[in-house]
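Structure record follows, encoded as structure tokens.
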Amino acid sequence: METLIIMLIGILVAVATYLILSRNIIRIILGTAVFSHAVHLLILTMGDLKQGNVPLLKEADAPYADALPQALILTAIVISFAVTAFILVLAYRTYQDVGTDDLDKLRGAKDE
Amino acid sequence: MFSVNLVILIPFIVAALLPFTYRRFKKTHLGWFVLIVPIALFVILARLIPSVASGKTYVHTYEWIPTLDFNFTTYLDGLSMIFALLITGVGSLVILYSIFYLSSKESLQHFYCYLLLFMGAMLGVVFSDNLMVLYVFWELTSVSSFLLIAFWNHRQASRFGAQKAMLITVSGGIAMLVGFIMLHTMTGSFSIREIISSMSEFSDHALFMPAMILVLLGAFTKSAQFPFHIWLPDAMEAPTPVSAYLHSATMVKAGIYLVARFTPVFGADEVWFWVVSVVGMITLFWGSFNAVRQTDLKALLAFSTISQLGLIMSLLGLGSIALQFGYSADSVLYTQATFAALFHLINHSTFKGALFMVVGILDHELGTRDVRRLGGLMTFMPFTFTVALIGSLSMAGLPPFNGFLSKEMFFAATVHIMEVDIFSLPSLGIIFPVVAWIASVFTFVYCAVIVFKAFLGNPQPEKLDKPIHEAPIGMLISPMILATLVVGIFFFPNLLGQYILQPAMSSVYPTFGEAVDLTPKVSAWHGVNPELLMTIGVIIVGAILFKFLKFWKPIYGLFSSRFTFNALYSNLLASSVSKSNTITKFYMNGLLRHYLIYIFVFFIVTVGGYLFYSRAFSFDISTNASFRVYEVCLVAIMAVAAMSMLFARSRMTATLLNGVLGYSIAIFFVIFRAPDLALTQLVVESVTTALFLLAFSHLPDWEKEKLPKGTKVVNGIISIAVGLVVVLVGLSVVDFNQFEPISSYFEDAYELAGGANIVNAILGDFRGFDTMLEVVVLFIAGLGVYSMIKLRTKKEDENIED
Amino acid sequence: MKINDVILRTISRIVVFIILTFGVYLFLSGHNTPGGGFIGGLVLASAIVLLYLSTDIETVKKSLPLDFKYVAAIGVLLATSTGFGSIVFGVPFMSQTFAYFDLPIFGKTELTTVTIFEAGVALTVVGVLVTIILSISEDGG
């Protein structure tokens, strides 16, 4: 199972990288979103999969699944949501003011 | 003792409140309100003088990061008492003075906020026992000094001076930090008291010498010792109350404090003795020599401050030799140098504070500090003149002022040091009295410049913008109090010695038994002895030199301005700016794609390369958990969805595919026993998709990417390589079990945190700090979104030029 | 945002309350079962957003006169102040504590400072989320 998931993570990372390297701003944002998906899966996989019960002490018996990666991912999900929201708005506000969503055209003046 | 913590905290609290409350002080000057703080602190501290004098110390620890040995430990002993009294005492007078110096039109709330910030930081420096905490406060004084020097930030010279002071003191501070860390490596403690008590075991340690030099670097940069003194004259761009407070009475003395505090740690070493005393001596001479040539009175005082700081520093160096001999009747003689240092420290704050305030008065009332435009002010400004006269004569070391006493003790210390027969002092020791004497002659000359050129002679009203008149009484109160102290200390020096200096002596020499023995009886007259003869010589030669000043002044022209330390500093700064500009321009070409390629290629090369180089790759399928058919289906769905995103024709399709990925991951979270994650992921994914759709109404649809084939190939290769590296690293790491997982600790969540949901117990309790900051990040992102949308600037053409 | 969808409006009026209840339940149960500040806040926020979607903004503003920026700010303040609160009691920053009490109706109940902290988290999430979505949707330009 782990091997399978890691392969999937590899595919997600490759796709995300390709999206991020493009010029269109929406592709880049989508790329970061896919990237965070991949990373969440990666963190979870590193804590061993399906070894133990739900980490709820009253509901299940030991052994429990590793709770620490889960806590980390929970934090990561919320942060990546915040970042996505922020750059989305940044992107469209830039578009409104500058009139392009092409990053190659957005580079600053030469002598800055 | 709680009140010591409070003493540090109060200035910060009031500083934090100022921006909210200053509007209530429209009618009265904000300074009156702020003045309460230092006065109250001074009273609190003064009430502790008797118990500190009897040898009591106050320690209070608040654990901050106990695992790293960082604790807010405040420690009040004799040495910190001296500095704390100076900080609050001079602080009160300076704030009183500033009320009349700064008009209500200035942005007073900033000024007093910075000033209180400084006061709190400075108190933190002298009260901290923990080196890391001390360092934080130390840098905070640099920051607040920066803000205060640049208070009139429309002036270019102010900004330049502020930057210079900041760069030099902060780099010294960083050196000091490294020294502190070395001390911790050696002794295993950040507490100064513990280091002092255990240091004797480590004097042969390999890090002993580097730590000493680094700590001294911090002290020397802060106290403007040669060759780091160059920042202090430029710092005089600050408003005069600031110069009087930070750059003569308190902040520049932080270096002195550090040296005094670390004397028991490093003082028994020969290098310490030589470095501290010789650097002090050079600074003493160089400062006084340069002060004579200044025409700006404030610059003159700046160099004189440098010189006097050098004097105190060299005295501390001379005093450290007593630690060589250990405690005996003979070595007590050498401790008198330290006593003189602390004594002069106080004296210097009194007379130099008064002089700075006088110069501030001249600047404020007459509009100039240039000695060439002044003259004959005595008859017009009798009170100012009196204060100036007292301050100058005290600085020159004449009776009946306190400067005389400490200057005599300084001469005595340099004479005594010749009699020591270690460290090759019998042959080299002679330089101390000689340099001290020459420097004192120059000191006498520049003191004469202040008195004679500014206040005596013929008035030159035609060179002044404003008519000559006496300053308002309010501005005169503070300098007069200081001048009274100057005279008062001369007549009652032993009162000061017994209550203030004596307990400090036992902080510098903790192994030296009773502090009473270390406290000499100060008296103005002790017969004809070498130091008295030296003083008389200073007066005679100084008077002659002053008389013929214009004949030998051309000497200063010999020093080319190209080879000064100032030029070195400017060149260093300019070239580092241009060099880094060139380098930055080389690779920062404004294309996001290139930046990302740097990052990805770096990742591939370092991580992938290391994996290959160290042969760390391992792969073992046997430890894998079993999988079911539907799980494989899910993986396949995600893989297909991800790949199709690359070929999606519209952004809507791509977004929905991203949603597919998100929801599939939520299902995986369920399979992998993570219900909290699954719930969160489900909701977040829905909201994210909604956000994308909302934002799309403001964005154009994407066009098919028209990238050159080469670019596409490069992108593809990089992407696949990144993915491959991640897979390889992931496969190698997943079976790694060299360390015990720490998660079992959290399984006691119910006992430790009272929660049965381990994940939430970690979030809310074990790692609550992370969650708190995460909430802050979320909030910042929200604010960012809100302000980007709602608070947009007006379009340029709508701007009306003002 | 004007959607004149009768079905959506009718259903959402009921659904919103179910979601709100569910959000509160998730928030409160987070200590021992799945849930907690984040997820509770997220669910509450989506309920409020649904409210805005189904009826127009003006109506909701009248019946729910809250500035969500302040909600978020209060949340952050609450979360951080529980951290600083521990300093007052002389224990390290961010120490949480809990105790069991016998309350009249609820029986043996656990009260903990984490709940205050989590409430801060939930408020922040609600405030930020609603602020973001409202800002974008109100942005005409």
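Here is how names work: the chains are called A, B, and so on, in the same order as the sequence lines, proteins then strands, and each is numbered from 1.
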Of B/L677, B/L773, B/V785, B/L691, the largest count of non-hydrogen pairs under 4.5 angstrom with chain C goes to B/V785

Let me know if C/V49 has heavy atoms under 4.5 Å from chain B in its side chain, its backbone, both or neither. neither

Side chain, backbone, both or neither: which part of B/L679 has an atom under 4.5 Å from a heavy atom of chain C? both

Between B/I789 and chain C, which part of the residue has a heavy atom less than 4.5 Å away: side chain, backbone, both or neither? side chain

Evaluation steps, side-chain contact (heavy atoms from CB on, under 4.5 Å), between B/F779 and C/V128: CA-CA 6 Å; B/F779 184 59; C/V128 169; 4.2 Å; yes

Structural part of B/V687 lying under 4.5 Å from a heavy atom of chain C: side chain

C/V121 vs B/E774, side-chain contact (heavy atoms from CB on, under 4.5 Å): CA-CA, chis, key distance, verdict: CA-CA 9 Å; C/V121 173; B/E774 177 197 357; over 6 Å; no

Restricting to non-hydrogen atoms, name the atom on B/V683 and the atom on C/S46 that form the minimum distance, rounded to 0.1 Å. CG1-OG, 4.2 Å

To the nearest 0.5 Å, tell me how far B/L682 CG sits from C/I39 CD1. 8.0 Å

Proximity breakdown for C/A45 and chain B, heavy-atom pairs closer than 4.5 Å: neither

What's the separation between atom OG1 in C/T124 and atom CE in B/M772, rounded to the nearest 0.5 Å? 11.0 Å

For the residue pair B/L694 and C/S137, what are the closest heavy atoms and their distance? CD2-CB, 4.0 Å

Under 4.5 Å between any side-chain heavy atoms of C/E118 and B/T771, yes or no? no

